[in-house]
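Comments concern the structure below.
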Protein chains: 2
Amino acid sequence: MPIQEKRLKQKAAVKDSILCAARTIVLKEGWQAVSIRKIAEVIGYSLPVVYKHFESKDAILEEFVKQGFELLSELMLDTKAKETTAEKQLTAMALAYFEFAFSKREYYQMMFGLGMPTCERVNQINEIGKFSSIVVNTIQNLINEEEVNEKIILKFHTFWSILHGLSSINMVNIAATPNEMQQRVLLDAVQGFIKNINN
Amino acid sequence: MPIQEKRLKQKAAVKDSILCAARTIVLKEGWQAVSIRKIAEVIGYSLPVVYKHFESKDAILEEFVKQGFELLSELMLDTKAKETTAEKQLTAMALAYFEFAFSKREYYQMMFGLGMPTCERVNQINEIGKFSSIVVNTIQNLINEEEVNEKIILKFHTFWSILHGLSSINMVNIAATPNEMQQRVLLDAVQGFIKNINN
DNA sequence: TTTAAATAGTTAACACTGTTAACAAAAGTA
DNA sequence: TACTTTTGTTAACAGTGTTAACTATTTAAA
């Protein structure tokens, strides 16, 4: 049945164009400026067509959260691959994470935008799990323990918290610290983390 | 001129009632549910009266950010006063900060709500400075250096990042880690921070 | 090939939102 | 009493998310 197949293909194409339009608006005007009417206009369809593909506006934004974690996961993998020791890997990943938070700022803000209605559903987003497992894996190598036990999860949460805290505080508090210093703060924190990892 | 004085007093009272109404809505329905019409209804005035006291909705929300940092600053001071050594003080403050982020969740989300239009103005909010100086002061005692130099600022940023990162990640990722564990993660990070403070 | 069903797409409306202009009423001043 | 300032109002503008009702168009069945 190439008829149904063609239909599904076209349907997916429209869905893609919706996300593409949304992304364009997000990058140009910020994610607060995203409106379904604007999206409809960009894709050249009327308003309710968007609702044929996404249950709500939040569903569209949630898609971005997924994409964001997907991008972040890939970045972590690529960065990790470029280094050999676990310590160097983790440090490089931290820097890459930090850089991601700013260069892909629109994504990052969606991924951690507090007050977003996605908060409850965020546990079901398995892209987060992907990211987590990559980092957990690296930490595991650093500790030299075989099983993923409670301690490693604890260390992972600590590590992630340091990264996210630094990113978001610098995001809110723009230019509160000079740019050269931001990296030093990050390295300071990460090095402290690594040194204390076996306590 | 007790006439003008009375006027100013009443004006301040209305302004207060606006903030009070807003706070009620925030605590009951979350800060996304705050609308000027709702506020107007609660205070018993018509809509444009609100605009006589606040330039915009954002200005009202910004007031909350200030109040939040004010509350946080007080909490930090009180917590600090209950301990004697700088190390204990800092640890207690970290726990108190963490607890604040959750018990006063609505405030905290406003204070760090990314994507809020207040981001640019946030530097001008001197309540943040108050909070900063309290923590900086404690860290200073821990390092035993007299002047507030770059290193101390760096350490402060690291410390704050750890706290905020932990708070907000746990906020988004509700119940991803069991509650008992959250405190252990925090203590783990803070102890690592303190141990490394002279490096 | 004609008819019935499913799908794609439309317009129009509902119930909201922030914000502001135009106007009325009350209070203070001369 | 007449004038000005302040206080408060209604009504509207432009926008939002969402949905109901309707119309073509295309597909499947008779």
Side-chain angles (χ1 to χ4, degrees), chain A residues 1-19 21-22 24-26 28-64 110 113 115-121, chain B residues 1-19 21-22 24-26 28-64 110 113 115-121:
Chain A
M1 286 152 184
I3 308 131
Q4 284 196 1
E5 203 179 309
K6 211 167 189 177
R7 274 225 164 126
L8 283 173
K9 217 172 179 180
Q10 200 179 2
K11 206 169 181 178
V14 175
K15 190 167 183 175
D16 258 24
S17 76
I18 290 173
L19 287 170
T24 307
I25 298 169
V26 167
K28 211 189 293 177
E29 310 173 60
W31 65 267
Q32 328 187 43
V34 175
S35 87
I36 295 185
R37 277 175 179 81
K38 278 185 196 165
I39 292 175
E41 200 193 12
V42 171
I43 66 173
Y45 284 102
S46 70
L47 219 151
V49 169
V50 181
Y51 284 92
K52 283 267 153 74
H53 296 272
F54 291 95
E55 208 182 19
S56 66
K57 188 187 175 182
D58 288 331
I60 300 176
L61 298 183
E62 200 176 294
E63 199 64 37
F64 273 89
M110 300 257 278
M116 266 182 60
T118 53
C119 276
E120 291 87 35
R121 294 191 215 154
Chain B
M1 286 153 183
I3 307 132
Q4 284 196 359
E5 202 179 310
K6 211 167 190 177
R7 272 221 166 131
L8 284 174
K9 216 171 181 179
Q10 202 181 1
K11 206 170 181 178
V14 174
K15 191 168 183 175
D16 258 25
S17 76
I18 290 173
L19 288 171
T24 307
I25 298 169
V26 167
K28 211 190 293 177
E29 310 172 60
W31 66 268
Q32 328 186 42
V34 175
S35 87
I36 294 185
R37 278 174 178 81
K38 277 185 196 164
I39 292 175
E41 201 193 10
V42 171
I43 66 173
Y45 284 102
S46 71
L47 220 152
V49 168
V50 181
Y51 283 92
K52 283 267 152 76
H53 297 273
F54 291 96
E55 208 182 19
S56 66
K57 188 188 174 181
D58 288 331
I60 300 176
L61 299 183
E62 202 176 292
E63 198 64 37
F64 273 88
M110 299 254 279
M116 266 182 61
T118 53
C119 278
E120 292 85 35
R121 293 193 216 153

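Quantities reported herein were computed from a predicted structural model and do not represent experimental measurements. To find a chain, count down the sequence lines: A is the first, B the second, and so on, and within it residues start at 1.
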Side chain of Pro48(A) (C-beta onward), nearest among dA21(C), dA20(D), dG8(D): dA20(D)
More than 12 heavy atoms of other groups within 6.0 Å of Glu41(B) CD: no
Length of the line joining Ile36(B):CD1 and dT19(C):P, which is rounded to integer Å: 5 Å
Leu47(B) CG - dG18(C) P separation (whole Å): 8 Å
For atom CG of Leu8(A) and atom P of dA6(C), their distance in whole Å: 17 Å
Value rounded to 0.5 Å, distance of CG in Leu61(B) from CZ in Phe54(B): 10.0 Å
Phosphate-side-chain proximity, Ser35(B) and dT17(C), N/O vs OP1/OP2 below 4.0 Å: yes
Interatomic distance where NZ belongs to Lys38(B) and C1' belongs to dA15(C) [whole Å]: 12 Å
Closest listed nucleotide, where the reference is the side chain of Lys57(B) and the choices are dT18(D), dT9(D), dT17(C): dT17(C)
Donor-acceptor pair present, Arg37(B) side chain and dG18(C) base, under 3.5 Å: yes
Pairwise distance CD1(Ile43(A)) to CD1(Ile18(A)) - rounded to 0.5 angstrom: 4.5 Å
Whole angstrom value for the distance that separates P of dT11(C) from OH of Tyr45(A): 14 Å
Lys15(B) NZ to dT7(D) P, straight-line distance once rounded to whole Å: 14 Å
Sugar-phosphate only, base, or nothing, as touched by Tyr51(B) at under 4.0 Å among non-hydrogen atoms: base
Side-chain donor/acceptor of Lys38(A) to backbone N/O of Ile25(A), under 3.5 Å: no
Rounded interatomic separation in angstrom, taking CD from Gln32(A) and C1' from dT17(C): 14 Å
Distance, nearest 0.5 Å, that separates CD of Gln10(B) from NZ of Lys15(B): 15.0 Å
Touch class at under 4.0 angstrom, heavy-atom based, for Val34(A) against every strand present: sugar-phosphate
Atom pair distance, as rounded to whole Å: NZ in Lys52(A) and P in dA6(C): 15 Å
